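For reference, the structure is listed below as structure tokens.
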Amino acid sequence: MSLLQKRLAIFMLTLVLLITGFVTGSYIQKGDAQPIKKMSRLDLIVDQGVIRVGTTGDYKPFTYLNPQTKEYEGYDIDAAKMLAKDLGVKVKFVKTTWPTLMSDLKANKFDIAMGGITRTLEREKTAHLTLPYIKDGKSPLIRKADQDRFKSLADIDQQGVKIGVNPGGTNEKFVRENLKKAEIVLVQNNLEIPNMVAEGKVDVMITDSTEARYYAKQNDKLLAILTENPFNLHQKGYLINRSDVDYQNWINLWMEEMQLHGQFKALEKKWIN
């Protein structure tokens, strides 16, 4: 074989390897330098010194934007601050909404979403949900005066019953899938619905039992029912982008450490129990 033929053979072999992806993937070749791995969001957060946390601010006791202080507060707000501390960075809260939660995440408006987010198979199709940190389920919040009127989902799903629900989240999804006779009243601000129940503007709020119990403690006109036997069961988790294993692993290990050392239990005692 001539020198020209050898060079041509080497060239063809290299071309085949490139086409088949042997030299491609998550590594970038630059001359004879060592391969450089694509930077994880974890590295970017540490390098920039800040983690951006998307939160709705309308879902007590997990996330609440206090109008007096203009600051976020709640179970997951405290957790976000602990997350930032363990990363060695600052935390920046970014306002999002339930209808735009997924699109805001994909648009890179924040690095993680926190605030009572339910883990669902539908959400996992387009994003990544972390390990769970609390178990919950859908339960009704009603007026105490109606405790003999509403004792089951069938009692609630009747003509003339008004259900207050915020759009875009799992509350609306559950209501639309399970209530066919009752009137559904969409309320943009989730924080307004408990007072609407207390004032008789709507009859029932179906939400996570944690939130139902919280508002029942705050207002003696209200009653959270069926919290020990909710209509369904689900778990809360945090929402991040897919396809970043290093970042996912770090967040999940952090959550396991939080569980191991009782820090989630401490937050539950502070904000829920």
Side-chain angles (χ1 to χ4, degrees), residues 41-42 44-45 48-84 87 89-134 136 138 164-176 186-194 205-208 210-211 214-215 234-244 247-248 250-252 254-255 267 271:
R41 184 176 295 269
L42 174 63
L44 289 171
I45 290 168
Q48 294 170 1
V50 63
I51 183 168
R52 301 167 303 159
V53 177
T55 195
T56 61
D58 67 348
Y59 183 24
K60 294 180 178 179
F62 295 100
T63 173
Y64 174 57
L65 181 57
N66 190 316
Q68 278 74 44
T69 64
K70 308 298 182 184
E71 299 285 340
Y72 287 96
E73 56 189 50
Y75 181 113
D76 281 325
I77 302 305
D78 282 359
K81 292 174 182 178
M82 296 166 78
L83 171 64
L87 277 166
V89 300
K90 295 180 180 179
V91 61
K92 178 182 179 182
F93 292 106
V94 179
K95 177 70 174 176
T96 187
T97 67
W98 294 111
T100 64
L101 181 66
M102 299 299 289
S103 59
D104 286 349
L105 176 72
K106 292 199 289 185
N108 195 35
K109 292 186 178 181
F110 42 77
D111 303 302
I112 186 170
M114 303 174 72
I117 299 168
T118 300
R119 286 160 40 99
T120 69
L121 294 173
E122 188 64 30
R123 283 171 172 161
E124 186 71 17
K125 287 180 182 178
T126 52
H128 176 73
L129 286 151
T130 66
L131 294 172
Y133 61 93
I134 200 168
D136 215 334
K138 299 300 179 192
V165 66
N166 63 309
T170 57
N171 289 349
E172 183 186 13
K173 184 175 186 293
F174 177 88
V175 166
R176 293 199 181 279
L186 287 180
V187 183
Q188 293 299 321
N189 188 349
N190 188 60
L191 295 169
E192 295 177 0
I193 304 176
M205 177 186 190
I206 292 182
T207 184
D208 295 328
T210 300
E211 184 180 30
Y214 176 86
Y215 280 111
H234 57 253
Q235 296 171 312
K236 303 294 186 188
Y238 302 132
L239 194 70
I240 60 180
N241 284 291
R242 293 166 60 181
S243 305
D244 191 338
Y247 184 45
Q248 293 171 10
W250 195 95
I251 295 292
N252 281 330
W254 172 78
M255 295 185 72
L267 290 176
W271 291 101

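The model shown is predicted, which means the values in this text are computed figures rather than measured ones.
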Nearest 0.5 angstrom please: [X] [atom1] to [Y] [atom2], how far?
| X | Y | atom1 | atom2 | answer |
| --- | --- | --- | --- | --- |
| T170 | K138 | OG1 | NZ | 3.0 Å |
| M205 | E211 | CE | CD | 4.0 Å |
| E124 | L239 | CD | CG | 8.5 Å |
| T120 | K125 | OG1 | NZ | 9.0 Å |
| Y215 | I193 | OH | CD1 | 9.0 Å |
| T118 | R123 | OG1 | CZ | 6.0 Å |

Looking at [X] and [Y], would you say the former's side chain and the latter's main chain have a donor-acceptor pair under 3.5 Å?
| X | Y | result |
| --- | --- | --- |
| R41 | Q248 | no |
| Y247 | D111 | yes |
| N252 | L131 | yes |
| K92 | V53 | no |
| R119 | T130 | yes |
| K236 | Y133 | no |
| D58 | L191 | no |

So which atom in [X] and which in [Y] form the shortest heavy-atom distance, rounded to 0.1 Å?
| X | Y | answer |
| --- | --- | --- |
| P61 | Y214 | CB-CD1, 3.8 Å |
| A79 | Y238 | CB-OH, 3.6 Å |
| F93 | A80 | CE2-CB, 3.7 Å |
| F62 | G115 | CB-C, 3.9 Å |
| M102 | A127 | CE-CB, 3.6 Å |
| H128 | R242 | N-CG, 3.7 Å |

Quick one: do M114 and L83 satisfy side chain to side chain contact (heavy atoms under 4.5 Å, CB included)? Show the steps, please. CA-CA 11 Å; M114 303 174 72; L83 171 64; 4.1 Å; yes

How about [X] and [Y]: do any of their side-chain heavy atoms sit closer than 4.5 Å?
| X | Y | answer |
| --- | --- | --- |
| L186 | V165 | yes |
| L101 | I117 | yes |
| N166 | V187 | no |

Do [X] and [Y] have a side chain donor and acceptor closer than 3.5 Å?
| X | Y | answer |
| --- | --- | --- |
| H234 | D208 | yes |
| T100 | S103 | no |
| T63 | D76 | no |
| W271 | D78 | yes |

Is there a side chain to side chain contact (heavy atoms under 4.5 Å, CB included) between T97 and Q188 once you walk through the steps? CA-CA 10 Å; T97 67; Q188 293 299 321; over 6 Å; no

Before giving the answer on side chain to side chain contact (heavy atoms under 4.5 Å, CB included), spell out for L105 and F110 the whole-Å C-alpha distance, their side-chain angles and the decisive distance to 0.1 Å. CA-CA 6 Å; L105 176 72; F110 42 77; 3.7 Å; yes

Side chain to side chain contact (heavy atoms under 4.5 Å, CB included) evaluation trace for K95 with Y72: CA-CA 10 Å; K95 177 70 174 176; Y72 287 96; 3.5 Å; yes

